[in-house]
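Structure first, commentary second.
We count ligands from 1, going down the list as the structure has it; atoms in each ligand are counted the same way. Bear in mind that the values here come from a model prediction, so they are computed numbers and not experimental data.
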Amino acid sequence: MTAEEGQPVDVVKTPVERWRRAVPLFALMALVSVVGIALDLADPAFAAFAFLAALGGYVWGQRLRSAPEQTSAPEKAIVEMPEARPRVDSAVEAVVSALPEPALLLTPEGDILTANERVALSVGIARVGDPLSFLVRVPEVLEAVRSAARDDLPRRVEFGERVPLDRWLEAHVVPLHLMAPPAGAGAAAAAQGAPDAVLLTFRDLTQQRRVEQMRADFVANASHELRTPLASLSGFIETLMGPARNDPAARDRFLGIMGAQARRMSRLIDDLLSLSRIELNAHVRPEVQVELGTIVAHVCEALAPLAHERGVEIHVTRPDEPACVLGERDELIRLIENLVENAMKYGASGKRVDVAVEIEKSGEAPLIVLAVRDYGPGIPPEHLPRLTERFYRVDIAASREQGGTGLGLAIVKHIVARHRGRLTIESRPADGAIFTVRFDRATESTKKHNISKH
Ligand SMILES: Nc1ncnc2c1ncn2[C@@H]1O[C@H](COP(=O)(O)OP(=O)(O)O)[C@@H](O)[C@H]1O
Ligand SMILES: [Mg+2]
């Protein structure tokens, strides 16, 4: 940073100076009015005008006398102290603009010297010469800049913002010594004085916070889901060891419940494990060509006993041509099972579930479409956006009654994402629900392409 050299001194009179010149005139008018009134020469209107003018002149005179430096800052900088207006070295400016985060260079007083383009994108429009408080209104950040300039120590401030977006930011404040030391003095001499600039950078922590929050919620939810059947098992064990010790009928009943609770725990652990396995492979695209129609037929056959138990008929439709996708067979089985089971459990009142595989050729590239439709009560629209979140259920009691873990649709979503497919959920109350998954159709060329890549 260097002081600006050769800045022409502005000789134009400022408004304050013009007022200062007018003060003697006011004083003269005041004198005339006082004399006029004293000698009873002036008419009342003139006397009132002269009196007001005199009063005005007096007040202005007082203000200018008591605060001779009360001129606005830029005028002062230009007119009286041209050397005090700092300018940023072009090398420093280049470094600030190359920083990957929003960055501002400030004077020790907190005025903006320069800012990079990222500031405009995430903080606001920074104008050189403005105080930082015009741009950032967080008192902790402003205070950190002041203190860093004072004690020459860096600072870090975390703060949350609600408006215009709910976000979480981190500000780094670093005092700097940019002024070149006088010739002959070493670098140590330059570092000894007060800092001559402060670098302020921001980092957006919103995404990181959101992930941390999701992880914490997930652990809390999973523990809660496991603790409930565990508490029930411990309770029955105590009862069987105590009051029900010699009651064979109660023992049989309790053992039945305990078996159901243990199965619930193992289902939950299975679902948690498959979720983490799918997530682990999220970036690895499956590359084996599989025929979706055959998989659907097998899964529906395997689910026939459950369908019979619920009084539901499953109708499967398949295209004449093979419906091939690049996929992981086990994951696709899991996906179809989850959707068809949900349709049978929650839409049982409709007595019918349609599972259709079609080839959609209307777009640029053909797609394989899997649609699972039930004719049950449907899902109220307010729940649709959150349905694929882990442990989200429309009716917790109904889900538990059906042996649900609340993880089925989260698993479906992850499998679909890994297969680069798209999941859509449509539902009208009392008209059932349709879960549709679209995959790219695997052709000989996509298969060859994928194989040749690895
Ligand atoms: N076909 C459907 N009809 C009505 N509600 C459904 C249907 N499929 C899913 N749901 C709702 O979505 C919730 C989440 O489903 P899922 O993730 O599979 O969990 P789970 O079945 O273990 O409860 C279910 O609890 C249920 O409330
Ligand atoms: Mg389910």
- Identify which one of Val299, Val412, Asn342 satisfies the side-chain contact (heavy atoms from CB on, under 4.5 Å) criterion when paired with Glu337.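 Single side-chain contact (heavy atoms from CB on, under 4.5 Å) partner of Glu337 among Val299, Val412, Asn342: Val299.
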
- Is the backbone N or O of Tyr392 less than 3.5 Å from a side-chain atom of Glu389, with the two atoms forming a donor-acceptor pair by type?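 Checking the backbone N and O of Tyr392 against the side chain of Glu389, no donor-acceptor pair under 3.5 Å is found.
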
- Item | Main-chain N/O of Gly432 paired to Ser427 side chain as donor or acceptor, under 3.5 Å |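 At least one qualifying donor-acceptor pair exists.
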
Is there any protein N/O under 3.5 Å from an N/O of ligand 1, and what does the full list of such pairs look like?
from: ligand 1; atom 1: 1 (N); to: Asp374; atom 2: OD2; distance (Å): 2.8
from: ligand 1; atom 1: 17 (O); to: Gly408; atom 2: N; distance (Å): 3.3
from: ligand 1; atom 1: 17 (O); to: Leu409; atom 2: N; distance (Å): 2.7
from: ligand 1; atom 1: 18 (O); to: Asn342; atom 2: OD1; distance (Å): 3.2
from: ligand 1; atom 1: 18 (O); to: Asn342; atom 2: ND2; distance (Å): 2.8
from: ligand 1; atom 1: 21 (O); to: Asn342; atom 2: OD1; distance (Å): 3.2
from: ligand 1; atom 1: 21 (O); to: Tyr346; atom 2: OH; distance (Å): 2.7
from: ligand 1; atom 1: 22 (O); to: Thr405; atom 2: N; distance (Å): 2.7
from: ligand 1; atom 1: 22 (O); to: Gly406; atom 2: N; distance (Å): 2.7
from: ligand 1; atom 1: 23 (O); to: Tyr346; atom 2: OH; distance (Å): 2.9
from: ligand 1; atom 1: 23 (O); to: Ser399; atom 2: OG; distance (Å): 2.6
from: ligand 1; atom 1: 27 (O); to: Val394; atom 2: N; distance (Å): 3.1

- Task: Enumerate the protein N/O/S atoms at a distance below 2.8 Å from the Mg ion (ligand 2), ignoring waters.
- Result: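 Asn342 OD1, with waters left out.
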
- Item | Pair Asp354-Tyr375, side chain to side chain donor-acceptor pair (under 3.5 Å): steps then yes or no | CA-CA 9 Å; Asp354 296 336; Tyr375 298 86; 2.4 Å; yes

- Message: Walk me through whether Ser147 and Glu143 qualify under side chain to side chain donor-acceptor pair (under 3.5 Å).
- Response: CA-CA 6 Å; Ser147 331; Glu143 180 48 38; 3.1 Å; yes

- Item | Heavy-atom pair with the smallest gap, counting every atom of Gly124 and Leu135 |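 In terms of heavy atoms, the two residues are closest at C-CD1, 3.5 Å.
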
- Task: Heavy atoms only: give me the nearest Arg334-Asp271 pair and the separation to one decimal.
- Result: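 What the structure gives for the nearest pair is NH2-OD1, 2.7 Å.
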
- Are Leu387 and Phe435 side-chain neighbours, meaning at least one heavy-atom pair lies under 4.5 Å?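 A side-chain contact exists here, since the closest heavy-atom pair is under 4.5 Å.
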
- Does the pair Arg167 and Gln207 meet the rule for a side chain to side chain donor-acceptor pair (under 3.5 Å), with working shown? CA-CA 9 Å; Arg167 61 180 186 162; Gln207 194 57 22; over 6 Å; no

